[in-house]
Amino acid sequence: MVHIARVTPPSLASDGLRSFDEEVKQCFVMCSAINVTNDAWSQAQLGQKFGGLTLRFLSHHAAAVFIASLSFSGFGKADNIHLKQAVAMFNIQVSPFNAITVNSALESHIHQKVLSGLILAQHFRILLESFSPAKRARPLSVATPHASSWLSVVSSPGLGLHLESNEFQMAISVSVERGHGLTRDLAHTTPADILIAGWDRRKLVALDLTITSPLCSVILGESCYQAGAAALAAETRKLHSNGPKCQELGWSCIPLAVETYGNWGKEDMIPSPGWHPC
């Protein structure tokens, strides 16, 4: 299908590509066991960079594929009516600041990945603008760097490093559709969930784990506008509550705050040997 999109003008291939896209959607519904809403499916079509599942509708990217193909093949001509139509279609899909011309497409050899990225970026902006402030918190959290990296991990059942079918279905549904406000703050008598001895030459390293949600009422007002606000607030809370205790014990306190949609906080890095805290 990608080859067809590369060599066939979008105006001629659109019906066939839309039929194929619908088959992809139905396959996703069967595998995920969820009847996705229009908003959820719109998000699923985005790349991982924008919190999606990379299930791109080929019909939506047909213009980008066709333009890139002619741009690199050397067969594209400025008077090609199909190329002109593809450029016009592409310009409708992206921000006016990212519009291209037929001549610029032929002269600069634009990669399809770049063109599709511009389409996805505009798609993500439109999706966020269509949501109420309260609904923006989830897609913003899922779209933070590495929050969706689990989708690209090669599973290893032999080592137990894989998701069961029901776990995968739940993870997918939470990522693109179902919101929740679950949090988890592990209880302990010491200010550390994991205490690493001998890691730093001067101090023990206390890792303090907490799980939070951008949908919690106390942080929703911030997380619907700022990605990672919930993790940042959890880190700050942990530092204020356990930082002094760790200091008394001579430990280095590092909060490990993670949001329920996969986003990790700014402090979430285990120090390398020889690292010296301030």
Side-chain angles (χ1 to χ4, degrees), residues 32 34 40 43-44 48-53 131 133-153 155 159-196 199 204-247 249 251-271 277:
S32 64
I34 58 175
Q43 183 185 337
Q48 291 182 29
K49 178 180 178 181
F50 301 104
L53 305 179
F131 287 164
K135 290 185 65 176
R136 291 190 196 120
R138 178 183 50 78
L140 281 175
S141 180
V142 178
T144 51
H146 310 301
S148 300
S149 295
W150 63 276
L151 288 167
S152 303
V153 175
S155 62
L159 297 176
L161 303 176
H162 68 291
L163 294 176
E164 299 292 346
S165 296
N166 60 335
E167 295 172 332
F168 176 78
Q169 291 168 353
M170 178 58 69
I172 289 294
S173 65
V174 167
S175 179
V176 301
E177 188 170 44
R178 299 176 187 172
H180 57 82
L182 298 177
T183 61
R184 175 69 171 165
D185 195 352
L186 302 182
H188 42 68
T189 57
T190 65
D193 295 301
I194 302 174
L195 188 61
I196 303 178
W199 192 269
L204 298 177
V205 176
L207 304 181
D208 195 2
L209 177 64
T210 183
I211 303 173
T212 186
S213 170
L215 302 185
C216 288
S217 58
V218 294
I219 196 64
L220 183 58
E222 296 179 41
S223 58
C224 64
Y225 292 105
Q226 178 187 351
L232 179 60
E235 283 181 342
T236 303
R237 185 174 66 252
K238 282 291 187 179
L239 286 173
H240 286 170
S241 62
N242 291 334
K245 300 177 186 177
C246 287
Q247 188 173 8
L249 295 169
W251 299 350
S252 296
C253 179
I254 299 181
L256 298 180
V258 60
E259 295 181 1
T260 48
Y261 295 110
N263 175 47
W264 288 80
K266 300 298 182 184
E267 299 291 335
D268 295 334
M269 57 178 182
I270 298 177

Would you say Tyr225 and Arg136 make side-chain contact, with heavy atoms under 4.5 Å?
yes
Contacts of Phe50 meeting side chain to side chain contact (heavy atoms under 4.5 Å, CB included) (sequence neighbours excluded), chain-then-number -> Leu46, Leu120, Ala121, Phe124
Look up atom CD in Gln247 and atom SG in Cys253, then write down how far apart they are to the nearest 0.5 Å.
10.5 Å
Does some side-chain heavy atom of Val258 sit less than 4.5 Å from a side-chain heavy atom of Asn263?
no
Side chain of Gln43, backbone of Gly51: donor and acceptor closer than 3.5 Å?
yes
Report yes if some heavy atom in the side chain of Thr260 is under 4.5 Å from a heavy atom in the side chain of Pro214; otherwise report no.
yes
Just by modelled atom types, is the Ala257 backbone N or O under 3.5 Å from a matching donor or acceptor in the Glu235 side chain?
no
Just wondering, do Asp208 and Ile254 contact through their side chains at under 4.5 Å, heavy atoms?
no
Which distance, rounded to the nearest 0.5 Å, do you find between the CD1 of Ile172 and the CG of Leu151?
5.5 Å
Around atom CZ of Phe131, are there more than 12 heavy atoms of other residues, nucleotides or ligands at under 6.0 Å?
yes
Looking at side-chain heavy atoms only, is the closest gap between Ser152 and Gln48 below 4.5 Å?
yes
Under 3.5 Å: donor-acceptor pair, side chain of Ser141, backbone of Arg138
no
Residues at least two apart in sequence or cross-chain that pass side-chain hydrogen bond (donor to acceptor under 3.5 Å, both in side chains) with Glu164, listed by chain then number, are His162
Could you grab the distance from atom CZ of Arg237 to atom OG1 of Thr212, nearest 0.5 Å is fine?
6.0 Å
Nearest 0.5 Å, please: how far is OH in Tyr261 from OG in Ser223?
9.5 Å
Roughly how far, to the nearest 0.5 Å, is CD of Gln226 from OG1 of Thr144?
11.5 Å
Is there a side-chain contact between Leu204 and Ser252 (heavy atoms, below 4.5 Å)?
no
When rounded to the nearest 0.5 angstrom, what is the spacing between CG in Leu256 and CG in Leu207?
5.0 Å
